[in-house]
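Numbered from 1 within each chain, the chains take letters A, B, ... in sequence-line order.
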Number of protein chains: 2
Amino acid sequence: MKLNVQEKDDNKLSTITIKDIAKKCHVGVSTVSRAMNDHPDINPETKKKILKVIEKSGYVPDNSARNLKRIDARAVAVLIKGIGNTFFNQLVEVLEQECQKERYSCVIQRVEEDENEIDVALQVAREKKLRGVVFLGGNFSHSGEELGRLKFPYVLSTVYSGEDNKRIASVSVDDYKESYKMTEYLLGLGHKKIAIITARREDESIGKLRLLGYQKALFDHGIPFDEELVCYMKMNVDRYSYRSGYKLTKELLSGKKTFTALYATSDTLAVGAIRALWEAGIHVPDDCSVAGFDGMDAGKYSIPGITTIRQPAKEIARATADLLFSMIDKKEEPKRVIFEGELIVRESTGISRIKIV
Amino acid sequence: MKLNVQEKDDNKLSTITIKDIAKKCHVGVSTVSRAMNDHPDINPETKKKILKVIEKSGYVPDNSARNLKRIDARAVAVLIKGIGNTFFNQLVEVLEQECQKERYSCVIQRVEEDENEIDVALQVAREKKLRGVVFLGGNFSHSGEELGRLKFPYVLSTVYSGEDNKRIASVSVDDYKESYKMTEYLLGLGHKKIAIITARREDESIGKLRLLGYQKALFDHGIPFDEELVCYMKMNVDRYSYRSGYKLTKELLSGKKTFTALYATSDTLAVGAIRALWEAGIHVPDDCSVAGFDGMDAGKYSIPGITTIRQPAKEIARATADLLFSMIDKKEEPKRVIFEGELIVRESTGISRIKIV
DNA sequence: TTGTACGCGTTATCAT
DNA sequence: ATGATAACGCGTACAA
């Protein structure tokens with residue numbers, strides 16, 4: 001008989017539940033629950049006993065059931081669209097730290113390129129009983145109305161929302177202004193023919209802003225904008241990656257137009273670009289200047305080091321967390337927080353020698 | 001009265017459930033459920049009507065409740081320890097594709113550095129009703145017994161398990177052998193003093209294997225192993241990153257020992273290393289050769305291009321998926337799959353000129 | 001084809 | 001301090 005009971009228990013590899021633990025301990029399920037969740041109303045000894053049984057039985061509580069019951073989980077989520085954009089890594093790291101400080105748990109969630117980030121947000125918010133969400137990456141220009149579906153606090157970090165509605169919380173640099181700054185810097189070096197590698201032609205996010213800043217700077221300095229010096233990423237193929245930087249630069253080089261400077265709108269693109277130029281026998285910065293954007297390690301440790309606009313990632317992440325938590329806890333209104341980018345001059349740019357490439 | 005009902009509905013921003021939808025449509029909950037889950041037994045018209053109501057009411061089904069009911073979700077998970085190791089990105093991408101092909105859904109889950117990957121696996125397996133798990137990264141040497149807790153199929157991909165138990169499924173290159181290969185290549189170039197940058201001294205994973213392969217190659221060629229030419233990562237500080245490569249190389253340079261080649265055990269480390277050497281006025285490969293490992297884009301597009309051992313990432317990912325699915329579906333036994341690494345010679349290595357650094 | 005009612009595993013509210 | 005029991009929102013037998 002006893003052996004039978006034993007057998008029955010062991011066979012039950014299906015899934016062991018809180019009830020099984022309760023039975024084994026000869027207590028009620030609520031006592032087990034209290035033991036697991038550090039509730040005050042429980043005898044320390046029974047608690048210890050229960051935890052021991054849990055330990056050796058290998059019981060794992062079902063999070064789905066927990067979330068189902070739970071009204072609030074004191075949790076937020078970070079939704080990342082475009083993983084592989086290594087710039088987000090730093091942000092996420094700091095965001096996680098800040099959450100810990102505030103004793104929030106933090107769900108990191110990838111969003112596929114073809115998924116709607118709003119839908120995903122809605123889903124996990126429901127599933128995990130979130131109090132708020134941070135959006136990293138993605139294209140928020142179209143989502144003016146869409147954003148209205150979000151009934152909880154959220155912050156766009158390093159993302160541009162087409163609606164420059166002040167009621168949308170966001171933290172970022174002013175990509176337009178910073179891009180203008182970079183272009184002006186290149187112009188200041190004497191460059192007249194500045195090629196640019198930028199996001200897809202259809203982009204409505206930061207890619208567009210950076211292109212716009214570039215155009216405006218050219219305009220303000222009386223340089224005509226030349227569409228042939230613009231190289232757009234190809235849909236579903238290119239990203240802010242080394243590979244794309246390399247490929248797109250080759251494209252540029254095979255074109256008829258010449259240039260003395262190349263503005264790659266991310267540091268990763270710039271690395272690939274420099275390699276492509278190098279293979280074509282074009283030396284950076286002597287024959288051609290190259291500039292990046294973001295201030296990532298990729299540009300700091302490459303040779304030559306890449307002139308860039310540094311986004312203060314840590315500060316942005318901290319401000320993002322601050323803003324989100326104050327919206328959650330103190331019911332503060334959404335606001336737009338802008339950080340200043342920093343032009344970092346390294347070895348990839350120099351005075352134009354008007355040596356046509 | 002009517003207005004009251006209306007009000008009541010709108011106020012209920014708490015959370016709208018399947019019942020609310022059912023009421024609004026004047027149908028039962030099961031009909032709504034059928035409409036959402038593409039069940040056959042439903043009138044196309046009522047289905048259409050219901051979906052429309054769902055759409056405009058902004059109803060989002062609660063995944064927790066779903067998972068709770070669901071016995072099986074036809075899903076697997078990929079657990080990644082050490083995000084930021086960009087090498088994993090390629091793997092994940094292919095893994096996701098393979099899952100789609102097999103009509104499995106795929107959960108991507110980060111594991112923090114201080115978390116036990118086994119615990120996490122157990123938790124999400126329970127929560128999401130997984131059929132299997134892929135482990136990327138992490139230290140599996142200690143977990144010989146621990147692994148026994150996993151009652152479902154799993155595959156270690158690009159990870160080394162100390163237990164060279166054949167009953168543990170794994171897909172990877174032979175890090176020991178490949179590291180030997182790389183070291184031998186450097187020796188073949190005439191280098192006698194080969195420094196190495198490697199994982200923490202306590203590492204029991206691939207870092208250890210790569211170091212061991214290096215030592216063995218030296219030994220086989222009659223070169224004494226010199227502990228002072230080994231630079232270990234510092235705990236909780238270093239990673240396979242540019243920054244660490246840079247920092248650790250500086251350390252090496254400030255030591256008393258000289259070397260004519262530097263073997264950085266990842267391409268990212270190598271990039272940082274080359275920068276550090278460059279800043280010290282040491283030219284690669286003329287004054288010092290540098291080799292990496294992994295075959296990542298970082299080494300392909302850097303200048304100089306980095307000599308490396310390419311791990312066939314796509315093949316590894318595909319084989320990982322194959323193995324996992326055949327264990328799940330066909331009850332196949334776990335096995336160890338080894339891929340051959342490919343020595344790719346680029347510009348960062350050259351014949352030793354015995355010019356002491 | 002559709003609706004009713006039960007149960008999934010947990011936590012929270014009661015009594016005790 | 002502890003145990004019984006009612007939710008939580010959904011899927012699904014089963015009845016209609």
Side-chain angles (χ1 to χ4, degrees), chain A residues 12-51 53-54 57-75 122-130, chain B residues 12-51 53-54 57-75 122-130:
Chain A
K12 202 173 186 177
L13 35 92
S14 43
T15 27
I16 158 170
T17 79
I18 196 175
K19 282 180 191 168
D20 303 319
I21 302 293
K23 270 177 202 155
K24 258 183 200 154
C25 298
H26 307 288
V27 298
V29 287
S30 26
T31 309
V32 178
S33 178
R34 278 189 277 259
M36 295 190 298
N37 300 329
D38 289 323
H39 272 262
D41 285 355
I42 187 174
N43 184 324
E45 293 192 26
T46 51
K47 177 171 176 177
K48 197 170 284 182
K49 193 183 66 180
I50 292 172
L51 290 181
V53 173
I54 288 182
S57 67
Y59 161 67
V60 178
D62 187 322
N63 259 321
S64 294
R66 283 187 152 165
N67 289 327
L68 186 57
K69 261 311 278 189
R70 228 191 295 264
I71 292 296
D72 173 86
R74 198 178 174 82
L122 253 12
Q123 282 188 35
V124 304
R126 183 94 203 268
E127 176 174 352
K128 300 285 171 73
K129 266 70 183 182
L130 301 180
Chain B
K12 202 173 187 178
L13 36 92
S14 43
T15 28
I16 158 170
T17 78
I18 195 174
K19 281 181 192 167
D20 303 319
I21 301 294
K23 270 177 202 156
K24 260 181 199 155
C25 298
H26 307 290
V27 297
V29 287
S30 37
T31 310
V32 178
S33 177
R34 279 188 275 260
M36 294 191 298
N37 300 332
D38 289 322
H39 272 263
D41 287 354
I42 188 174
N43 185 323
E45 293 191 26
T46 52
K47 177 171 175 176
K48 198 171 279 182
K49 193 183 67 181
I50 292 172
L51 290 181
V53 172
I54 287 181
S57 67
Y59 161 65
V60 178
D62 188 322
N63 259 322
S64 294
R66 284 185 153 168
N67 289 328
L68 188 56
K69 275 301 290 186
R70 229 192 295 264
I71 291 296
D72 172 85
R74 198 177 174 83
L122 254 12
Q123 281 188 35
V124 303
R126 182 94 204 269
E127 176 175 353
K128 301 285 172 68
K129 266 71 181 180
L130 302 180

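At a threshold of 4.0 angstrom between heavy atoms, the contacts of B:Asp41 include nucleobase atoms, whether or not backbone atoms are also involved. Using a 4.0 Å heavy-atom criterion, one finds that B:Thr46 contacts the sugar-phosphate atoms exclusively. Residue contacts shown for B:Arg70 are absent, as no nucleic acid heavy atom lies under 4.0 Å away. Within 4.0 Å of A:Val29, counting heavy atoms only, lies at least one base atom of the nucleic acid.
Of the candidate nucleotides D:dA1, C:dT2, D:dG9, C:dT2 has the atom nearest to the side chain of B:Asn43. Of the candidates C:dG9, C:dA12, C:dT2, C:dG9 carries the atom nearest the A:Asp62 side chain, counting heavy atoms from C-beta on. Candidate nucleotides D:dT2, C:dG3, C:dT10 were compared by shortest atom distance to the side chain of A:Arg66, and C:dT10 ranks first. For A:Arg34, the listed nucleotide lying nearest its side chain is D:dG3; candidates were D:dG11, D:dC8, D:dG3.
In this entry the distance linking CG of B:Asn63 with P of D:dC8 reads 19 Å, nearest Å.
With hydrogens and angles left out, the side chain of A:Thr31 and the base of D:dG3 share no donor-acceptor pair within 3.5 Å. Side-chain atoms of A:Ser30 come within donor-acceptor range of the base of D:dA4, with a qualifying N/O pair under 3.5 Å. Judged by atom type and distance alone, A:Arg126 does not reach the base of D:dG9 through any side-chain donor-acceptor pair under 3.5 Å. For A:Lys69 and D:dA7, a side-chain-to-base donor-acceptor distance below 3.5 Å is present, hydrogens and geometry of angles not being considered.
Note on A:His39: every side-chain N or O is 4.0 Å or more away from OP1 and OP2 of D:dT2. Residue A:Thr17 places no side-chain N or O under 4.0 Å from the OP1 or OP2 atom of C:dG9. The phosphate of D:dG11 (OP1 or OP2) has a side-chain N or O of B:Asn37 nearer than 4.0 angstrom.
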